[in-house]
Chemist: 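Below you'll find the structure I mean.
Just so you know, these numbers come straight off a predicted model, no measurement behind them. Residues take their numbers from the sequence shown, with the count starting at 1.
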Amino acid sequence: MADADTRIDEAVDRSITIAAQIAERADMRIRAEIECYTGRLGYRRRLERLAIDGDAYRRIKAARIRPRLVFAHPKLLMDMPNASLYYRGIALLPRKRVARIAGTVDGWEQSPPAARITKEKAQKLARLYNRVISAVVLDRSEWGQDDAPRNVLANVAISADGGMRNVVGQKGEAEIQDRMREFVETEGLAVGALDDPTCMELLGGVTMRFGSEPDIGFERGGSWALIIEIKAGKDRAGALERLGAIKKTFDEAPNDCRNFLVVGVVTTTMRERLRELCMERHFQIDELREPGAWEEFMNEIFHHSLRIAREIGARRELS
């Protein structure tokens with residue numbers, strides 16, 4: 001029942017986040033700015049240079065749509081970097097894919113933009129968008145005034161959904177770290193003042209650190225004795241990508257370090273690959289929310305691996 005409630009809460013958070021981002025409609029504000037743009041562009045004589053298919057351009061003109069409302073132009077992108085959000089939306093391209101091909105778009109798509117676009121970058125970006133947009137336009141028997149905004153809106157929703165998956169992962173990581181900190185304090189494993197929430201001195205000369213790569217690490221004698229990687233995202237499509245990041249962290253750990261993993265989801269392919277990792281065990285975050293599972297996890301970490309706490313079950317039976 002607790003697992004079902006958690007999933008419902010995650011679904012509510014996802015829907016609220018996506019609805020809020022759609023309601024902002026930053027893309028429509030940018031479209032209005034593009035319509036009011038007074039700079040001279042000139043598309044028709046530069047189609048090849050702009051990577052615009054001639055048939056796609058003629059189809060847009062036949063529909064009496066202004067080319068700037070469909071096709072990107074380097075000059076406009078340099079003058080209005082946030083227009084990248086609009087054209088990327090028409091092309092239905094995720095931010096990560098654009099970054100891999102044409103370079104980062106961070107800062108450009110804010111309103112007002114937090115960064116400028118160089119001439120070289122603007123040309124590369126316009127050609128990328130226009131090649132994809134041309135194919136999208138030609139794939140439709142007709143292209144009307146509403147098609148571009150529809151594509152942009154769909155891309156906003158897709159991006160928001162991807163962002164929500166990141167939020168789920170971040171929440172899961174924070175949950176594990178908070179519960180770990182609470183356990184250490186409750187069980188009396190910490191020594192000294194607890195002024196720094198990211199670094200705690202424990203019994204047995206062990207230092208517990210919260211950070212990234214690893215997400216939770218335990219040092220002893222100046223070296224990692226045990227690390228815990230947390231990848232709590234539930235997106236199955238990104239499971240193998242997360243696995244690559246996990247492998248990198250584990251490969252960089254000392255040979256005698258004990259490696260543990262907490263994941264949000266394990267696909268069939270991922271389960272097979274997990275066997276190839278230098279790792280003690282993996283745990284799924286939903287399973288750790290079940291009665292008794294967290295205590296087993298803590299027993300594995302602090303008693304069997306670090307050996308700084310008596311067996312938790314026996315300890316509680318005595319108390």
Chemist: Which one of Glu300, Glu229, Glu287 satisfies the salt bridge (Lys or Arg N to Asp or Glu O under 4.0 Å) criterion with Arg281?
Modeler: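 Exactly one pass, corresponding to Glu300.
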Chemist: Between the side chain of Arg66 and the main-chain N/O of Glu35, is any donor-acceptor distance below 3.5 Å?
Modeler: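 Yes, because the side chain of Arg66 sits within donor-acceptor range (under 3.5 Å) of the backbone of Glu35.
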Chemist: Is a salt bridge present between Lys75 and Asp79, judged by a nitrogen-to-oxygen distance below 4.0 Å?
Modeler: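 Salt bridge: yes.
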Chemist: Between Asp251 and Lys248, does any side-chain N to carboxylate O distance fall below 4.0 Å?
Modeler: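 Salt bridge: no.
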Chemist: Is the shortest side-chain N to carboxylate O distance from Arg289 to Glu175 below 4.0 Å?
Modeler: yes
Chemist: Under 6.0 Å from the six-membered ring centre of Trp294 and within 45° of its axis: does the NZ or CZ of Arg179 meet both?
Modeler: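 Judged by the rule (NZ or CZ under 6.0 Å from the ring centre, within 45° of its axis), Arg179 counts as positioned above Trp294.
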Chemist: Please test Tyr57 against Ser134 for side chain to side chain donor-acceptor pair (under 3.5 Å), starting from the C-alpha separation and ending with a verdict.
Modeler: CA-CA 8 Å; Tyr57 179 79; Ser134 293; over 6 Å; no
Chemist: Would you confirm whether Arg209, through its side chain, and Pro214, through its main-chain N or O, come within 3.5 Å as a donor-acceptor pair?
Modeler: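 No; judged by distance alone, with no hydrogens or angles, the pair does not exist.
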Chemist: Using a 3.5 Å distance criterion without hydrogens, assess whether the side chain of Arg258 forms a donor-acceptor pair with backbone atoms of Ile227.
Modeler: no
Chemist: Output, in order, the C-alpha distance, side-chain angles, deciding distance and verdict of side-chain contact (heavy atoms from CB on, under 4.5 Å) for Ile117 and Leu125.
Modeler: CA-CA 10 Å; Ile117 302 179; Leu125 202 63; 4.3 Å; yes
Chemist: Got more than 12 heavy atoms from elsewhere within 6.0 Å of CD, Glu48?
Modeler: no
Chemist: Can you check side-chain contact (heavy atoms from CB on, under 4.5 Å) on Val136 and Leu138, steps first, answer last?
Modeler: CA-CA 6 Å; Val136 171; Leu138 291 174; over 6 Å; no
Chemist: Check this for me: Arg46, atom CZ, are more than 12 non-hydrogen atoms of other residues, nucleotides or ligands nearer than 6.0 Å?
Modeler: yes
Chemist: Let me check something: do Met78 and Tyr43 share a hydrophobic cluster, defined by ILVMFWY side-chain heavy atoms less than 4.5 Å apart, either directly or through other members?
Modeler: no
Chemist: Per the ring pair (Phe, Tyr, Trp, His ring centres under 6.0 Å) rule, what does the pair list look like for residues 196-224, sequence neighbours excluded?
Modeler: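 Counting only pairs at least two positions apart or across chains, the ring pair (Phe, Tyr, Trp, His ring centres under 6.0 Å) contacts touching residues 196-224 are Phe218-Phe302.
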Chemist: Short question: side chain of Asn130, backbone of Phe71 - any donor-acceptor pair under 3.5 Å?
Modeler: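 It does not hold such a pair.
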Chemist: Within this structure, what is the CG-NZ distance for the pair Asn259 and Lys247, rounded to the nearest 0.5 Å?
Modeler: 12.0 Å
Chemist: Would you call Met200 and Thr207 a side-chain contact if the rule is heavy atoms closer than 4.5 Å?
Modeler: no
Chemist: Mark yes when over 12 heavy atoms from residues, nucleotides or ligands other than Arg181 sit less than 6.0 Å from its CZ; otherwise mark no.
Modeler: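 Buried by this count: over 12 neighbours within 6.0 Å.
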Chemist: Does Asn299 reach the main-chain N or O of Glu295 with its side chain, forming a donor-acceptor pair under 3.5 Å?
Modeler: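 No; judged by distance alone, with no hydrogens or angles, the pair does not exist.
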